[in-house]
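Note sheet for the following structure.
It should be emphasised that the depicted structure is a prediction, and the values quoted were computed from it without experimental measurement. Counting begins at 1 with the first residue of the sequence. These numbers come from the heavy atoms of this one structure, side chains and all, not from hydrogens, waters or symmetry mates.
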Amino acid sequence: MADKTAPSTKVTSSHWGAFEVDVEGDRIVATRPFSQDPHPSRIPDSLPAAVHHKTRVARPSIRRGWLEARERGGRGAQEFVELPWDEALDIAAAEIDRVRHQHGNESIFGGSYGWGSAGRFHHAQSQVHRFLNCIGGYVASFGSYSTGCAQSIMPHVLGVNFLQLLYEHQDGWQTIHDNTETLVMFGGINPKNSQVSMGGITEHETAGWFDRLATRGTRCINIGPQRTDAPEGCEWLPVRPGSDTALMLALAHVLEEEGLVDRAFLASHTVGYERFRPYLMGDTDGVPKTPDWAAPLCGVGADTIRALARRMASTRTLITVAWSLQRAEHGEQPYWMSVVLAAMLGQIGLPGGGVGYGYGAIGGVGKSLLGLRGMTFPQLSNPVEDTIPVARIGDMLRNPGRPYDFNGQRKTYPDIRLVYWAGGNPYHHHQDLNALHEAWQRPETIIVNEPWWTATAKRADIVFPATTPYEREDIGRTNMDDYLFHMPRLIPPVGQARDDYDIFSGLAERCGVGHQFTEGRSADDWIATLYAEYRDAAANVGIDVPDLDALRERNWIKLPIKAEGPNRTFFAPFREDPDAFRLGTPSGRIEIFSATIDSFGYDDCPGHPVWLPPTEWLGTASTAAPLHLVSPQPGDKLHSQLEAALADVEGARPETLVIHPDDAAAREITTGDLLRVFNARGACRARASVSSDINPGVVALPTGAWFGAPGGNIDPDGNPNVLTLDVGTSRLGQGCSAHSALVQVARLS
């Protein structure tokens with residue numbers, strides 16, 4: 001018999017890639033980088049401490065006020081009562097049945113962000129959605145906080161699903177290396193962000209490609225408020241947050257004024273330039289969008305803008321746009337305008353030219369792979385038709401029955417009585433968390449599956465302790481990676497944690513839909529079934545994948561699906577023959593002017609790109625909030641995952657705020673000082689890092705610290721979303737606008 005206490009080492013996969021794990025007895029004791037990864041992430045360093053952290057949810061827990069009197073108020077402040085599993089499941093199932101029978105399934109919101117596990121079966125979003133579909137459906141959400149705005153606007157402009165464009169139809173890094181002479185990066189391309197991906201990215205390659213671009217002589221220009229948003233060696237063109245559309249318009253004005261526009265391409269491949277040009281030249285509003293007009297808005301000199309426009313017109317130029325640009329008010333505009341600018345240059349469809357999105361925002365973008373779909377636990381169909389834009393959860397809870405506009409539709413917020421959340425932490429990524437905390441008191445019941453006592457779990461009524469990916473078996477596979485992993489169960493469940501599948505199986509049985517949910521299969525049966533289907537699909541395209549027992553033995557394999565050499569993008573055949581390869585827009589062309597959007601009558605998103613300053617713009621800054629805050633993704637974790645362990649590291653919390661030396665000196669701030677960051681919506685602590693790598697007038701505070709005290713109290717660990725404004729990007733996209741806000745910063749005494 002094998003000695004279960006003997007040290008062992010296995011490889012597993014995660015959202016931040018593969019890594020080796022050392023186990024002794026029932027504990028994870030260490031992690032190490034995966035041997036095949038050229039630039040491994042250091043995120044797993046904190047994993048052993050997080051998995052065994054004191055903040056793990058040990059047993060099923062029910063908030064005392066809800067248990068004894070079904071009180072809604074007190075979420076986030078009241079104590080919890082621990083109950084046996086059967087009793088807690090009985091109570092939860094009875095409450096789910098009560099709500100769906102009294103108020104209908106339209107009163108249930110199924111919350112999940114899908115980041116709970118890189119494994120294909122134990123995917124929290126699939127699990128909770130399947131369960132809710134089995135009991136009659138739920139109100140779902142559209143899009144993501146990262147790309148929801150782009151998912152709304154880009155089909156109107158390019159006629160393609162934005163995520164499909166992002167992951168399947170863009171230039172690969174090899175194509176960029178071989179052809180691109182000028183890489184213009186609005187919002188940068190940050191290897192820090194590309195260390196994570198929905199299903200995990202095994203070989204972190206972004207930084208390595210920039211080394212090759214530098215050797216080749218490609219001119220890489222980082223346009224944004226932080227030098228560190230692109231690798232070292234890239235040129236930095238510092239701009240004010242939210243001004244990118246103004247800069248793009250000025251570049252376009254130079255092209256038009258100096259005769260550098262590819263008019264043949266505009267005539268054959270686009271529609272609507274004749275409607276856009278009068279706005280660009282100032283004929284419609286009396287304001288020509290010249291470099292001199294844009295310079296004070298952007299903080300970039302007019303001559304610099306002119307030189308860049310001429311360079312872009314005279315070289316093979318790829319314009320890239322970060323996700324962050326559409327995570328702000330009027331986020332539709334820079335995405336739309338980037339297409340217009342690329343179309344004016346006439347390089348869309350040329351190798352290494354045109355426009356691309358999300359390079360560096362997530363691992364795998366720019367990696368060219370042969371099509372081989374991954375495994376998916378079926379979610380079944382949702383009988384409830386109601387959906388809301390994902391970033392409008394707070395509005396939905398605050399305003400049941402209120403009408404709102406979204407992408408040409410007039411919709412009404414549902415009256416949500418029960419929220420079931422599994423996978424993700426809305427108190428990480430939602431805007432204006434103090435306002436969300438108040439709205440969160442309104443539903444009758446909130447149920448959460450969660451490994452840790454996050455802010456979301458603390459604000460629930462019923463909390464079921466869920467396993468982490470290291471306490472269960474799964475398969476690691478994503479369409480954006482060429483590795484396949486067996487993810488072994490490394491340790492037994494911590495405390496009384498159960499897999500989401502077991503939790504939902506228990507609830508489904510009590511709700512009378514047990515067989516519909518499980519189909520008579522155990523978790524092991526489902527893994528075997530999904531893997532067999534995947535293996536058959538691979539065989540159909542000539543790819544040999546080992547059977548499940550062999551994969552368990554080998555732990556991981558590299559699949560022969562990486563495309564060698566340059567790739568051919570979605571727009572190449574369209575460029576060659578726009579009639580034979582029409583886009584999915586009404587015209588079949590790139591829509592510089594969209595009659596569809598124009599018909600919606602939205603003043604915050606008219607029929608062509610325009611400059612619309614955000615509500616909180618530097619021109620409105622006052623002594624109360626004179627600094628522009630940006631909230632980038634953290635480098636030490638994914639979203640708020642593993643935050644429990646990081647909060648214990650001396651000096652790691654509160655989170656670090658980057659501030660320019662001029663702004664620091666005006667406030668007598670030095671590196672290491674504790675700060676109060678505040679505005680009318682809230683306040684948080686932060687620790688100062690004084691650096692010239694950020695624009696004057698701008699400060700940066702990463703997301704991910706667990707939300708602490710609500711209301712007028714200062715958030716202790718530095719969550720920037722106590723400061724951000726909870727408004728949609730526009731009536732068209734209704735996306736997340738949390739990337740920027742105006743704040744004041746002061747030393748804490």
Looking only at atom types and distance, does a side-chain atom of [X] sit under 3.5 Å from a main-chain N or O of [Y], one as donor and one as acceptor?
X: Glu235; Y: Arg219; value: no
X: Arg316; Y: Pro351; value: yes
X: Ser594; Y: Glu591; value: no
X: Arg589; Y: Ser268; value: yes
X: Arg575; Y: Gly346; value: yes
X: Arg240; Y: Pro296; value: yes
X: Thr180; Y: Gly352; value: yes
X: Gln734; Y: Phe406; value: no

Notebook entry, point to check: What heavy-atom pair brings Thr729 and Cys149 nearest, and what distance separates the two atoms?
Noted result: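 Shortest heavy-atom separation between Thr729 and Cys149 comes out as OG1-SG, 3.7 Å.
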
Check: Between CE of Met248 and CG of Leu280, what distance do you get to the nearest 0.5 Å?
Finding: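 With rounding to 0.5 Å, CE (Met248) is 13.5 Å from CG (Leu280).
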
Notebook entry, point to check: How long is the span from the CG atom in Leu249 to the OG atom in Ser243, to the nearest 0.5 Å?
Noted result: 11.0 Å

Between [X] and [Y], what is the ring plane arrangement, given parallel below 30°, perpendicular above 60°, and tilted in between?
X: Tyr145; Y: His429; answer: tilted
X: Phe574; Y: Phe571; answer: perpendicular
X: Tyr279; Y: His608; answer: tilted

Under 3.5 Å, is there a donor-acceptor pair between the [X] and [Y] side chains?
X: Tyr357; Y: Thr147; result: no
X: Gln431; Y: Ser737; result: no
X: Thr656; Y: Ser689; result: no

Check: With a 4.5 Å limit on heavy-atom distance, are the side chains of Tyr167 and Met198 in contact?
Finding: yes

Electrostatic pair [X]-[Y], nearest N-O below 4.0 angstrom:
X: Arg306; Y: Asp292; result: yes
X: Lys562; Y: Asp481; result: no
X: Arg216; Y: Glu181; result: no

Next item on the list: Evaluate ring-ring contact (aromatic ring centres under 6.0 Å, His included) for Phe210 paired with Trp173, printing each intermediate quantity in order.
Entry: CA-CA 9 Å; Phe210 272 90; Trp173 282 113; 5.8 Å; yes

Notebook entry, point to check: Does the pair Gln195 and Ser41 meet the rule for a side-chain hydrogen bond (donor to acceptor under 3.5 Å, both in side chains), with working shown?
Noted result: CA-CA 6 Å; Gln195 67 183 319; Ser41 170; 2.6 Å; yes

Checklist line | Sole candidate of His428, His430, His15 that passes ring pair (Phe, Tyr, Trp, His ring centres under 6.0 Å) when paired with His639 | finding: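 Testing each of His428, His430, His15 against His639, the sole residue satisfying ring pair (Phe, Tyr, Trp, His ring centres under 6.0 Å) is His428.
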
Notebook entry, point to check: Are there more than 12 heavy atoms of other residues, nucleotides or ligands under 6.0 Å from atom CD of Glu576?
Noted result: yes

